[in-house]
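In what follows, chains are A, B, ... by sequence order, proteins preceding strands, each numbered from 1.
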Amino acid sequence: MNVVVLMKPIHDPKVTLTQAEVEGADFGIKEQHMVFGPYDENALETALQSKDKWGLQVTVLMVAQDVPDDLLRSVLAVGADRVLVVPQSSWKLGPRDLGVVLHQALGQVEEPVMVLAGIQSGDWDTGIVPPVLAAEWQVPFVANLVSIERGDEGWILTSRDGGLTRRFAVNGQFVASVTSSGTNTLRYPTMRDRLQAKRKPISPLSDISAHGERSVTLQWVPSEARAIEWIDGASDAEKGQRLAHHLLDRGWIVKGGHSA
Amino acid sequence: MTSILAIVPGERTLAEEVWGLALALKGDRLLALSLDEAVLGPTNGGVDAVYRADGWHTAQQVARLVDQVVKKEGITRVICPRGEFGLMTAARLAHLTDAALFSGVAQGSQADSVVIPIYGGQVMADVELDAPLAVFIPRARAFTAEVSALDGATMVLQASPDSNDPDAALQLLAEQQDEGPQLESASIVVSGGRGLGAPEGFERLERLAALVGGTVGASRAAVDAGWIDQSRQVGQTGVTVAPDVYFAIGISGAIQHLAGMRQAKRVVAINADPNAPIFRHADLGVVGDFASVLDGMLDVLQGQGEAQ
């Protein structure tokens with residue numbers, strides 16, 4: 001039985017984008033600062049915990065072009081059993097087209113019991129690809145998953161969305177998008193894990209083709225800095241006192257109450 | 001000819017966003033399918049036909065009702081509300097009708113393209129629409145329209161059970177809403193990040209929030225560290241907030257966090273690192289140890305501080 005994790009290399013969100021990068025031909029494909037999305041990592045860790053508890057296999061699936069080998073092997077080093085890559089850029093695919101491609105690829109996974117996803121950059125950050133895959137696969141979908149347990153006849157899924165906690169039972173396959181929970185930060189590999197990762201399989205799925213490429217024009221948006229006013233003082237405590245007075249004087253806050 | 005169908009939920013904010021996008025698209029015909037008995041429509045009218053969905057329980061059932069209207073009325077554009085149910089309805093509908101699907105739409109016009117911000121708003125993707133039927137979901141807070149109860153003839157569509165409904169395979173066992181103020185509607189948000197150093201750092205934030213009538217939020221880093229519950233997370237996959245005042249304390253200012261608080265009216269940043277990116281997005285900034293700075297603030301707010 002396989003847990004399938006959707007992952008996608010993206011531009012490192014900690015590195016500020018430049019106009020040249022965004023408007024270059026390799027943006028989102030083969031860049032200097034490529035990482036897996038942080039929520040994809042949460043999804044992978046959730047899958048690895050399922051492997052630890054119930055002995056499930058973990059297959060990472062991605063639609064991506066020219067992924068650096070060390071980045072691919074990083075998911076194998078932390079415990080994924082194999083990686084399947086549909087070797088094409090997903091930038092020109094609409095979210096639905098990408099969902100159709102992922103569904104085709106899923107057909108090549110033996111006994112998939114669940115699909116866990118972070119946010120696919122191919123869906124332009126909007127979280128729509130996991131539900132689209134659920135619709136193509138004709139299975140239920142749960143958003144903001146934070147934990148999975150075994151039930152009597154299937155799975156018990158817990159989601160957290162804002163302040164709302166929900167528990168679901170599902171008896172069969174499902175797709176879920178995973179959010180950070182405080183317990184699913186991706187583990188670190190040991191040196192031994194890294195060496196073993198070199199022997200694990202990375203399989204290109206080159207017989208899967210996408211239809212419906214779209215014209216997508218990317219435009220860099222210069223970050224608009226606010227005009228900051230610095231609050232200074234002889235000590236940090238004095239800075240804090242001055243800040244409080246500033247806020248009160250301007251009516252941004254009132255004691256025990258509400259801002260202007 | 002562009003015929004637009006707005007799927008209107010009972011929740012007013014979401015309905016305002018749906019109608020905002022529907023009006024921005026400037027179609028030739030404008031129709032509504034309401035998911036609620038109290039049908040909400042644009043205050044100034046202009047709606048050609050109103051349907052109401054009755055007896056539905058799942059996204060698949062709603063998608064089937066929408067499909068009926070699409071076929072009967074020759075709809076070319078469907079707008080679904082954001083949120084988990086809206087996403088799933090849009091996905092089921094796209095599968096059912098072989099439609100293109102675009103989520104997070106921030107700009108739309110009669111022209112055959114939509115604009116979707118990506119990378120936390122650092123990049124705008126201008127996407128061409130070449131599909132005969134397209135389903136849209138608006139970006140949070142990108143559109144608004146004044147709505148009121150809609151008068152006029154309403155055609156009621158009755159949902160029917162579907163033995164192959166995949167959504168029916170999901171059984172809700174329990175549901176619990178946290179008590180206390182909600183982040184999304186808070187007028188003051190006091191957020192902490194990894195710079196707090198330990199979960200205990202949030203105690204000072206709680207005290208500040210209590211004194212100014214605010215609500216405590218957090219960055220993803222603080223949630224990942226297990227210092228605070230995920231429900232407090234502000235950011236791209238957390239809550240998007242637009243308070244009057246946003247305190248970013250020990251938060252570096254990662255893109256995903258900025259995406260969730262960029263619309264704050266005022267931003268106050270406190271960070272030990274003078275080069276933290278958050279200062280580019282702040283109106284007031286203090287470089288220093290957050291605990292000492294907050295202690296100074298708390299002294300003043302509790303009536304003991306001196307410095308002016």
Between [Y] and [X], is there a side-chain donor-acceptor contact under 3.5 Å, judged purely by atom types and distance?
X      : Y      : value
B:R280 : B:N275 : no
A:T18  : A:E21  : yes
B:T58  : B:D165 : yes
A:S180 : B:Q233 : yes
B:D244 : B:S187 : no

At a heavy-atom separation under 4.5 Å, does [X] approach chain A through its side chain, its backbone, both, or neither?
X      : answer
B:V115 : neither
B:F247 : side chain
B:Q176 : both
B:L170 : both
B:I137 : side chain
B:R262 : backbone
B:I270 : side chain
B:E84  : side chain
B:V268 : side chain
B:D98  : both

Please flag which part of [X] lies under 4.5 Å from any non-hydrogen atom of chain B: side chain, backbone, both or neither.
X      : value
A:A134 : both
A:A227 : backbone
A:V100 : neither
A:V132 : both
A:T185 : side chain
A:L248 : side chain

* side-chain hydrogen bond (donor to acceptor under 3.5 Å, both in side chains) between A:S159 and A:N144, worked out -> CA-CA 5 Å; A:S159 74; A:N144 299 306; over 6 Å; no
Pick from [options] with the largest number of heavy-atom pairs that fall under 4.5 Å of chain B:
options                        : result
A:K239, A:Q19, A:H11, A:R166   : A:R166
A:G240, A:S235, A:A244         : A:G240
A:L247, A:L133, A:T165         : A:T165
A:A169, A:A234, A:G172, A:A237 : A:A169
A:V22, A:L17, A:T158, A:V142   : A:L17

* Asked: Taking the side chain as C-beta and beyond, is there a heavy-atom pair between B:L294 and B:I249 under 4.5 Å?
  ->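 In short, these two side chains touch, coming nearer than 4.5 Å.
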Counting heavy-atom pairs under 4.5 Å to chain A, which of [options] comes out on top?
options                        : answer
B:A254, B:A63, B:A94           : B:A94
B:D289, B:D167, B:D295, B:L258 : B:D289
B:A291, B:G288, B:A174         : B:A174
B:A90, B:A100, B:A99           : B:A99
B:L172, B:L284, B:V223         : B:L284
B:L87, B:D283, B:I255          : B:D283

* Asked: Any chance CD of A:E153 has more than 12 other-residue heavy atoms, nucleotides or ligands included, within less than 6.0 Å?
  ->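 Atom CD in A:E153 is not packed in, count stays at 12 or less.
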* Any Lys/Arg nitrogen of A:E136 or B:R92 sitting under 4.0 Å from an Asp/Glu carboxylate oxygen of the other? -> no
* Asked: Using 4.0 Å as the upper bound for N to carboxylate O, is an ion pair formed by A:K8 and A:D40?
  ->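 Looking at A:D40 and A:K8, the cut-off is not met.
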* Asked: Taking A:V178 as the fixed residue, which of A:I148, A:N42, A:V146 is the one that meets the side chain to side chain contact (heavy atoms under 4.5 Å, CB included) rule?
  ->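 Single pass found, and it is A:N42.
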* Asked: Are the aromatic rings of A:F168 and A:W155 close, with centres under 6.0 Å apart?
  -> no
* B:I116 and B:F102: which non-hydrogen atoms are nearest, and at how many Å? ->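 That closest heavy-atom pairing would be CD1-CB, 4.1 Å.
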* Does any N or O in the side chain of A:H246 come within less than 3.5 Å of the main-chain N or O of A:R242, such that one atom is a donor and the other an acceptor? -> yes
* **With A:E111 via salt bridge (charged side-chain N to carboxylate O under 4.0 Å, His left out) - residues at least two apart** => none
* What residues form a salt bridge (charged side-chain N to carboxylate O under 4.0 Å, His left out) with A:E149, not counting sequence neighbours? ->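 Applying salt bridge (charged side-chain N to carboxylate O under 4.0 Å, His left out) to A:E149 gives A:R167.
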